[in-house]
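Just below is one structure, and these are the notes that go with it.
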Amino acid sequence: MLVTMKALLEHADKNNYAVMAPNVYYEMDARAAIMAAEEMKAPVILDVCFDTSPDVIEQGWYFRRLAEQASVPVAINQDHGTDFTHAIAAIRGGYTSIMVDRSFLPYEENAAQVKELVKIAHAVGVTVEAELGHVGSAKDDPDERKKTFTKPEEAKRFVEETGCDCLAVAIGTAHGLYKGTPDLDFDLLKELKEALKIPLVLHGGSGSGDDNIRKACRMGINKVNVCSELLQNIQLLLEETDWRNEDIEQLWPNIMKGFTMRLKELMVISGSAGKSWTEENKTGLSHKKTVFGEEKDAPHFI
Ligand SMILES: [Zn+2]
């Protein structure tokens with residue numbers, strides 16, 4: 001069932017858990033994400049970067065088609081849109097949410113651009129995620145990153161001024177894979193949740209540590225973005241299964257398996273497993289056999 005991200009996050013906020021938002025690039029990983037969600041009876045967000053396809057609009061409508069068939073609630077979010085045209089293309093592509101990331105700009109410009117796109121997106125029922133403070137890269141110096149943590153008073157003003165539906169906050173995570181496990185500022189998270197009272201988003205979920213993610217999701221994080229860790233898990237599984245010396249056609253099923261294995265674990269850690277709230281009686285994607293599944297000769301049309 002295709003839903004807005006706002007609907008997903010409001011349910012998560014009310015019930016104190018987080019929805020997993022894996023980055024997806026193609027049909028295969030989008031299907032894997034939805035199939036993992038169906039198996040875990042969890043809502044899920046397909047997080048799609050604007051540059052994963054040369055045709056954002058066609059790709060968006062394809063993801064919508066998958067989401068509409070799902071037996072669990074699915075939102076489609078543009079991850080890190082950094083330009084006005086990215087947002088408009090995503091809306092035309094049928095995304096149910098856009099991230100308007102202007103965290104690299106000074107406060108006033110960030111707020112002004114988010115506010116403008118909130119007005120446009122809300123007019124057509126699309127959810128808006130913004131970012132204040134700056135999450136940054138795992139390659140950056142942790143002490144330097146601390147300087148860009150989200151400030152509660154400023155964030156409160158930002159949410160009131162822009163009308164954004166959810167906010168990505170900088171509390172110690174970063175994009176990419178860390179050396180070791182990062183320290184998260186849970187006191188800051190508590191302050192932010194009390195000040196903002198809206199769903200909060202954790203970027204850089206990969207490698208943040210299961211205990212950190214579990215705790216953050218019980219303290220007000222309602223969406224966890226993950227990418228590198230899923231790709232790394234695919235790599236590890238391929239190395240383990242030695243697919244080069246086995247049937248080369250096992251490459252695609254193993255890629256999907258590596259992706260779903262870790263995503264399903266994260267759905268348990270984030271508390272979203274078992275939280276599907278769709279009442280529609282859809283059969284979902286999981287029952288459909290495709291060349292990516294085990295029964296290759298079964299029909300894969302819908
Ligand atoms: Zn991010």
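Keep in mind the model is a prediction, meaning the values are calculated, not measured. Note that ligands are numbered from 1 as they come in the structure, with each ligand's atoms numbered from 1 the same way.
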If only protein N, O or S atoms under 2.8 Å count, total around the Zn ion (ligand 1) | 3
For the atom pair CG (L105) and CZ (R102), what is the distance rounded to the nearest 0.5 Å?
-> 7.0 Å
Are D83 and T85 close enough that a side-chain donor and a side-chain acceptor fall under 3.5 Å?
-> yes
Would you list the atom pairs, donor with acceptor, under 3.5 Å between side chains in residues 256-264 and any protein atom, with sequence neighbours excluded?
{"unit_1": "T260", "atom_1": "OG1", "unit_2": "M256", "atom_2": "O", "d": "3.0"}
{"unit_1": "T260", "atom_1": "OG1", "unit_2": "K257", "atom_2": "O", "d": "3.1"}
{"unit_1": "R262", "atom_1": "NE", "unit_2": "E229", "atom_2": "OE2", "d": "2.3"}
{"unit_1": "R262", "atom_1": "NH1", "unit_2": "E265", "atom_2": "OE1", "d": "2.7"}
{"unit_1": "R262", "atom_1": "NH2", "unit_2": "D210", "atom_2": "OD1", "d": "2.7"}
{"unit_1": "R262", "atom_1": "NH2", "unit_2": "E229", "atom_2": "OE2", "d": "2.7"}
{"unit_1": "K264", "atom_1": "NZ", "unit_2": "E39", "atom_2": "OE1", "d": "3.2"}
{"unit_1": "K264", "atom_1": "NZ", "unit_2": "E39", "atom_2": "OE2", "d": "3.0"}

Are V48 and I76 close enough that some pair of their side-chain heavy atoms sits under 4.5 Å apart?
-> yes
Enclosure of D183 CG (heavy-atom neighbours >12, cutoff 6.0 Å) | no
Which class fits the ring pair F50 and H86: parallel under 30°, tilted 30 to 60°, perpendicular over 60°?
-> parallel
